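So the structure is just underneath, and the comments pick up after that.
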Amino acid sequence: MELENLLKKHFGYLSFKTGQKEAISAILNGQHTLAMLPTGTGKSLCYQLPGYVFDGSILIVSPLLSLMQDQVEQLGRLGEKRVVALNSFLSLEEKNYVLDRLQDYKFIFISPEMLQSSFILQKLRNLAISLFVVDEAHCISQWGYDFRPDYSKLGEIRKSLGCPLTLALTATATRKVRKDIIQSLGIEDAVKVESTIDRPNIAIWIEEIEGYQKKTDRVLELAAKLEKPGIIYFSSKKMAEQMALLLEEKNNCNASAYHGGLDQDTRILIQQQFIHNQLDVICATSAFGMGVNKENIRFIIHFHMPMQIESYLQEIGRAGRDGLASIAYLLYSPGDEQLPFQLAESELPSEQQIDWLFHELEIGHGIKGDALQFNQGTQERGGFSEVQWRLVENLLRKEAKEKSSLLDCKESIKEFVNERITMKKKNIYQMLQWILSNRCRREFLLNYFEEQVTSRIEQCCDICGIDEKNYSASHKLRKNHLGKIEWKEYLAGLLLNSELRE
DNA sequence: TATGATAATTAGTAAATTATCATAGCGTCTACTT
């Protein structure tokens, strides 16, 4: 059957979006594929459609529980019942039930952590997997080295599953990250489907603002003026909370904070409220956004700078999925880069901590046979954070297998940590360089992803010049003058603006 | 978590030491698993 017919039959669409057809054709040809498709262009279709062509099951590695739930529901709405998410939401009974009937499921979603369970892996080995999918594959590169080490083990997992046909999906990956993904998964011969990272309907505006208080005032001003809904990104949970309160008090707008420190239920609730237009503004940390399919987000403000250009693009990419004009502000105060630098260092263990740990190992809290055993509380006494400890444990286990002496182990762990810190710092410097540059913002970003500017757009960036009025709430009112006018909100906005000027 | 203001304590009723409390603080992100 023609691909278009399949598309119509199972999904009700008449034509493919950019890149979808190329990726799907490659998969159906039996070629490993790395597909870099812009956000909101239906990446999931790239494995859903082949699911109806292939006989076996599709195994999808997904980074977030909420993302898995979303995908399960989405497939459910399309009338597909053979879907399951294998994660900790399942009770033990449910999990056993599912594991006993794996072959009955067409689409199986799973986290990289779950794949580390030998019991589950054994069950999966007995299953006919026709396609192994890594969704949000840049996580391999972004998280795999330290934050979620299980991401870096997907290549091994894939091998132990018999090297099934593989599809890696992502929206933003530099050439280096793409290479990293391909190497890590062991799919060197993969077909690459690459589309531009440019989002012409998102204007980019960078503003240098002296001091923290002025920045706060500017955010309040922007949030009052700009057409909503919008997201404001922070690198601090506390700041996100404070700003949400300020927005509610001073701007009388529906705002809420969102960060990893909130419990699961609250997070789901806030995300739902935002998607259903009950909230105008989300004050978030980097925890918010992945898998949030909201079409009409009109602005993104960065109160703090992200730690790398890829993260910035992912975050602003959440605006304007409907194709309408949207704007991304980044507010920079000299010295802001200190925060990401400190974060980068605190994620990894220090040299002293590593020395201390190896001293512990030498004096007998050491290696028994193959197993590394630490006394309880070693993590605490060494002052290791959860992330640092996980990283060290993982590295030790890996290095102990390969290296003969403790000293060799120590040196190679130090080397690894140094390399990571250098990498992270380099990323921050590049971000900073972009902020401080006076070249066209878009051109710089495109070049960073080794793309060229093909055409100049009218509403580009602060360097090329844009008309800020295009993005204000009152502009929308004029534009929709013949339609429904929400006077109450309009007047409230005017009032707030005049209050702010005083 | 340090800082500073105020209060309480003490063989010595004036001044130094210690206790208590409120407050500001260059600011610290990301997920899965039992």
Side-chain angles (χ1 to χ4, degrees), chain A residues 61-69 85-92 94-95 109-121 135-136 138-154 157 209-216 219 231-243 257-264 267-268 283-292 302-308 310-312 314-315 331-348 350 383 385-391 393-394 420 424 427-428 431:
Chain A
V61 181
S62 173
L64 301 179
L65 297 172
S66 61
L67 216 57
M68 293 186 217
Q69 293 314 109
L86 259 179
N87 58 36
S88 56
F89 286 164
L90 301 180
S91 66
L92 190 63
E94 288 170 320
K95 205 158 98 185
F109 293 87
I110 196 164
S111 66
E113 285 79 6
M114 269 283 176
L115 280 171
Q116 288 302 306
S117 148
S118 53
F119 179 66
I120 290 178
L121 196 64
D135 199 7
E136 309 288 355
H138 58 273
C139 293
I140 292 177
S141 203
Q142 208 163 310
W143 286 350
Y145 292 100
D146 33 48
F147 183 53
R148 288 175 74 179
D150 292 335
Y151 251 106
S152 63
K153 298 175 191 157
L154 288 179
I157 297 287
I209 294 178
E210 195 79 32
Y212 168 76
Q213 186 54 47
K214 277 188 186 152
K215 215 179 190 181
T216 309
V219 169
I231 307 173
I232 309 173
Y233 276 107
F234 299 83
S235 300
S236 139
K237 299 176 192 174
K238 206 161 149 189
M239 278 300 318
E241 297 264 5
Q242 284 172 0
M243 187 58 77
Y258 184 105
H259 53 72
L262 304 171
D263 59 65
Q264 192 87 31
R267 287 173 65 165
I268 291 171
C283 297
T285 62
S286 54
F288 186 76
M290 212 191 266
V292 174
H302 279 92
F303 189 93
H304 290 130
M305 61 188 266
M307 299 196 41
Q308 54 187 78
E310 285 99 312
S311 309
Y312 175 79
Q314 278 153 21
E315 286 164 4
L331 308 182
Y332 172 77
S333 305
D336 273 359
E337 58 277 11
Q338 290 315 312
L339 182 55
F341 277 128
Q342 277 167 24
L343 273 172
E345 290 201 5
S346 68
E347 309 182 297
L348 295 154
S350 68
S385 72
E386 214 185 311
V387 178
Q388 292 171 336
W389 186 249
R390 194 175 42 233
L391 171 81
E393 270 190 323
N394 257 290
R420 283 303 294 166
K424 281 169 193 264
N427 286 337
I428 298 167
M431 185 78 214

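A, B, ... follow the sequence lines: proteins, then strands. Residue 1 opens every chain. This is a predicted model, so every value here is computed, not measured.
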Would A:Trp143 count as stacking on B:dT30 if stacking means ring centres less than 5.5 angstrom apart and planes tilted under 30 degrees? no

How are the rings of A:Phe234 and A:His304 set relative to one another: parallel (under 30°), tilted (30 to 60°) or perpendicular (over 60°)? perpendicular

Atom P, compared across B:dA19 and B:dA14: separation rounded to whole Å: 24 Å

chi for B:dT23 classified (syn = within 90 degrees of 0, anti otherwise) as anti

Options B:dT30, B:dC32, B:dT28, nucleotide nearest the side-chain atoms of A:Leu343: B:dT28

From the list B:dT30, B:dT28, B:dC32, which nucleotide is the closest neighbour of the side chain of A:Gln342? B:dT28

Determine the interatomic distance between P on B:dA2 and the same-named atom on B:dC26; round to the nearest Å. 14 Å

To the nearest 0.5 angstrom, please state how far the CD atom of A:Gln388 sits from the OG atom of A:Ser346. 7.0 Å

Using a 4.0 Å heavy-atom cut-off, does A:Arg390 contact any base of the nucleic acid, only the sugar-phosphate backbone, or nothing at all? base

Give me the stems containing DNA chain B, sorted by first residue, counting only three or more consecutive Watson-Crick or G-U pairs with both distances under 3.5 Å; say none if there aren't any. B:1-10 with B:15-24

Identify whether any heavy atom of A:Pro306 sits under 4.0 Å from a base atom; if not, whether one sits that close to sugar-phosphate; answer base, sugar-phosphate or nothing. nothing

Using a cut-off of 4.0 Å on non-hydrogen atoms, how would the nucleic acid contact of A:Met114 be classed: base, sugar-phosphate, or nothing? sugar-phosphate

Measuring only between side-chain heavy atoms, which start at C-beta, is A:Arg148 closer than 4.5 Å to A:Glu113? yes

So does A:Glu386 reach the base of B:dA31 with its side chain, donor to acceptor, closer than 3.5 Å? yes

Roughly how many Å apart are B:dC29 and B:dT1, using the P atom of each and rounding to a whole number? 16 Å

Scan side-chain atoms only and decide if A:His302 and A:Glu315 contain a donor-acceptor pair under the 3.5 Å cut-off. yes

What contact category does A:Gln142 fall into here, base, sugar-phosphate, or nothing, at under 4.0 angstrom with non-hydrogen atoms? nothing

Taking for each residue the nucleotide of DNA chain B with the nearest heavy atom, is it A:Val387 or A:Lys215 whose nucleotide lies nearer the 5' end? A:Lys215

Is the distance from OP1 or OP2 of B:dT33 to the nearest side-chain N or O of A:Ser111 less than 4.0 Å? yes

OP1 or OP2 of B:dG25 less than 4.0 angstrom from a side-chain nitrogen or oxygen of A:Lys238, does that happen here? no

A:Lys95 side-chain N/O to B:dT34 phosphate OP1/OP2 under 4.0 Å: yes

Would you say A:Ser236 places a side-chain N or O within less than 4.0 Å of OP1 or OP2 belonging to B:dT28? yes

Check every strand shown and say whether A:Thr285 touches a base, only sugar-phosphate, or nothing at a heavy-atom separation below 4.0 Å. sugar-phosphate

Could you give the distance separating B:dA5 and B:dG25 at their P atoms, to the nearest angstrom? 14 Å

If you look at every strand shown and take non-hydrogen atoms under 4.0 Å, does A:Leu339 touch a base, only sugar-phosphate, or nothing? sugar-phosphate

By the 4.0 Å heavy-atom rule, please label A:Asp150 as base, sugar-phosphate, or nothing. nothing

With a 4.0 Å cut-off on heavy atoms, is A:Lys424 in touch with a base, just the backbone sugar-phosphate, or nothing at all? nothing

Atom OG of A:Ser111 and atom CE of A:Met68: how far apart are they, to the nearest 0.5 Å? 4.5 Å

Does A:Arg267 have a side-chain nitrogen or oxygen under 4.0 Å from the phosphate oxygens OP1 or OP2 of B:dA31? yes

Strictly below 4.0 Å: does A:Ser235 bring a side-chain N or O up to OP1 or OP2 of B:dT28? no

